[in-house]
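Single-structure report; data block below.
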Amino acid sequence: MTRNELLGIYRKLYASHGPQHWWPGDGPFEVMLGAVLTQNTAWSNVERAIDNLKAAGLMDLQALLQTAETQLAQHIRPAGYFNVKARRVLSLCRFLTAHANLAELNDHELRERLLAVHGIGPETADDILLYAFERPVFVIDAYTRRLFSRLGLVEPDAGYETLRRAFEQALGPDVPLYNEYHALIVRHAKEACRTKPICDACCLKILCDYSNLCFMQ
DNA sequence: TACCAGGAGAAAA
DNA sequence: TTTTCTCATGGT
């Protein structure tokens, strides 16, 4: 997987969908909450949960820390897994309160600290690193894995860290590019094909555009 | 009705 | 160590 291959696909996605202006949230704290709430969940459901939090005056670190877990769970109910996510949100809040100097940590140190928080795995940590802390970390999600494996550029069962390093080594550190690229992959997956996420036809379209060989005709 | 969604942690094998 | 199970609402 080369830089030119990745940039070629990026340009096709950008030409097709335009700038995405991610993350769809206001400020780093809302980005971090959204990253937890969207785990295995459609963003439309997360928006309902975020609206509930704002209406209750809970889009605030200290306010959340003073809220009972069971009460928080009811506010974020539309996001699904609400009991699990309430515990994870409060774990994140306690972590943020206990570490006031996070912005001073280097990328690796900050990533390790985030991964040590209950409920924050690789993808959620990288969402937070890229979209809240603006660190050059490429986010790998199910869409990324599915799209690029169908394009034949990565192994479908490759590990998360293997894929992340492959993208980062090929592209080089570039926060604006990582930001837009991940957002475009999600946009493409959600909207390019309405029958099922990233169907073969969509992948073939990208592949055909990319290689100038049309297999669809 | 059944399946899926911008995962992660715990339990089981 | 690897695989499987659990968590749950809302849209299609």
Side-chain angles (χ1 to χ4, degrees), chain A residues 10 13 17 19-26 28 30-53 55 69-95 111-133 135 137-150 154-164 167 177-200 202-203:
Chain A
Y10 171 81
L13 290 171
H17 304 293
Q20 301 302 302
H21 307 294
W22 266 37
W23 182 279
D26 298 328
E30 188 172 323
V31 169
M32 290 188 267
L33 290 189
V36 172
L37 294 175
T38 198
Q39 291 170 352
N40 205 35
T41 300
W43 183 256
S44 58
N45 290 358
V46 176
E47 287 181 317
R48 294 167 181 263
I50 289 177
D51 288 345
N52 288 348
L53 291 176
E69 189 174 303
T70 52
Q71 186 179 353
L72 173 58
Q74 293 309 309
H75 288 297
I76 64 173
R77 192 182 184 97
Y81 308 121
F82 48 85
N83 290 315
V84 170
K85 288 177 179 176
R87 186 163 65 250
R88 292 177 182 178
V89 165
L90 291 178
S91 294
L92 173 62
C93 289
R94 285 191 287 269
F95 167 75
R111 189 167 193 271
E112 292 302 309
R113 296 283 185 91
L114 285 169
L115 288 172
V117 178
H118 172 84
I120 296 184
E123 184 182 335
T124 305
D126 292 345
D127 276 335
I128 292 172
L129 284 163
L130 178 60
Y131 292 104
F133 286 91
R135 303 300 180 93
V137 176
F138 199 94
V139 178
I140 304 297
D141 65 351
Y143 292 147
T144 308
R145 185 184 303 277
R146 197 181 310 163
L147 175 60
F148 285 87
S149 66
R150 288 191 186 179
V154 303
E155 295 297 325
D157 57 348
Y160 186 97
E161 293 302 317
T162 300
L163 289 177
R164 182 176 68 84
F167 277 88
L177 176 63
Y178 291 3
N179 179 318
E180 198 65 48
Y181 210 146
H182 176 65
L184 283 166
I185 291 168
V186 174
R187 171 69 181 273
H188 184 72
K190 290 163 70 173
E191 297 189 15
C193 178
R194 297 185 184 281
T195 57
K196 62 178 181 176
I198 310 184
C199 71
D200 291 337
C202 291
C203 283

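Hydrogens, waters and symmetry mates are skipped; everything else that's a heavy atom, side chains included, is used. Naming: A, B, ... by sequence-line order, numbering from 1 per chain.
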Exercise for the section: May I have the distance from A:I128 (atom CD1) to B:dG7 (atom C1'), rounded to whole angstrom? Expected result: 12 Å

Handout entry: Nucleotide C:dA8, atom P - distance to CG of A:L72 in whole Å
Key = 12 Å

Completion exercise
Distance col, row A:L184:CG vs A:H17:NE2, nearest 0.5 angstrom, shows 7.0 Å

Problem - Integer-rounded Å distance: B:dG9 C1' and A:L114 CG - result: 17 Å

Practice task
Ignoring the backbone of A:A42, work out which of B:dA8, C:dT9, B:dA5 is nearest its side chain.
Solution key: B:dA5

Exercise for the section: Please examine the side chains of A:R164 and A:V137, heavy atoms only from C-beta on, and report whether any two atoms are closer than 4.5 Å. Expected result: yes

Problem - Working for side-chain contact (heavy atoms from CB on, under 4.5 Å), residues A:K190 and A:W43 - result: CA-CA 11 Å; A:K190 290 163 70 173; A:W43 183 256; 4.2 Å; yes

Exercise for the section: Give the rounded distance in Å between these two atoms: CZ of A:F82 and C1' of C:dT9. Expected result: 8 Å

Practice task
To the nearest Å, give me how far apart CG (A:D157) and P (C:dT2) are.
Solution key: 12 Å

Problem - DNA chain B: 5'-proximal contact among A:D127 and A:H118 (nearest heavy atom) - result: A:D127

Fill in the blank from the handout: Per atom distances to the A:N40 side chain, the nearest of B:dA5, B:dA8, C:dT9 is B:dA5

Exercise for the section: For C:dG11, take OP1 and OP2 only and decide whether either is under 4.0 Å from a side-chain N or O of A:R48. Expected result: yes

Practice task
For A:R77, report the nucleic acid contact type (base, sugar-phosphate, nothing); a contact means any heavy atom under 4.0 Å.
Solution key: sugar-phosphate

Handout entry: Audit row: A:D127, A:T124, side chain to side chain donor-acceptor pair (under 3.5 Å) steps and yes/no
Key = CA-CA 5 Å; A:D127 276 335; A:T124 305; 5.3 Å; no

Handout entry: Selection from B:dA8, B:dG9, C:dC7 that lies nearest to any side-chain heavy atom of A:Q39
Key = B:dA8

Handout entry: Earlier contact from the 5' end, DNA chain B, for A:V186 and A:L115
Key = A:V186

Handout entry: Smallest separation among heavy atoms of A:I140 and A:Y160, with atom names
Key = O-CE1, 3.0 Å

Completion exercise
Between NZ of A:K190 and C1' of B:dC4 the distance, given in whole Å, is 13 Å

Completion exercise
Here the distance between atom P of B:dG7 and atom CG of A:L92, to the nearest Å, is 17 Å

Problem - P-based separation of B:dA11 from C:dA8 [nearest Å] - result: 15 Å

Exercise for the section: Compare side-chain N and O positions of A:N45 against OP1 and OP2 of C:dG10 and report whether any pair is under 4.0 Å apart. Expected result: no

Exercise for the section: Report the distance from atom CZ of A:R88 to atom C1' of C:dC7, rounded to the nearest whole Å. Expected result: 8 Å

Exercise for the section: Measure up the A:F138 and A:F167 rings against each other and bin them: parallel (under 30°), tilted (30 to 60°), perpendicular (over 60°). Expected result: parallel

Exercise for the section: Please determine if a side-chain N or O atom of A:T41 lies less than 4.0 Å away from the OP1 or OP2 oxygen of C:dA8. Expected result: no

Handout entry: A:V84 side chain, from C-beta outward: closest of C:dT9, C:dA8, B:dA8
Key = C:dA8

Practice task
May I ask you to evaluate whether A:N83 reaches the phosphate of C:dA8, defined as a side-chain N or O under 4.0 Å from OP1 or OP2?
Solution key: yes

Exercise for the section: Give A:I185 one of three labels, base, sugar-phosphate or nothing, depending on what nucleic acid heavy atoms sit under 4.0 Å from its own. Expected result: nothing

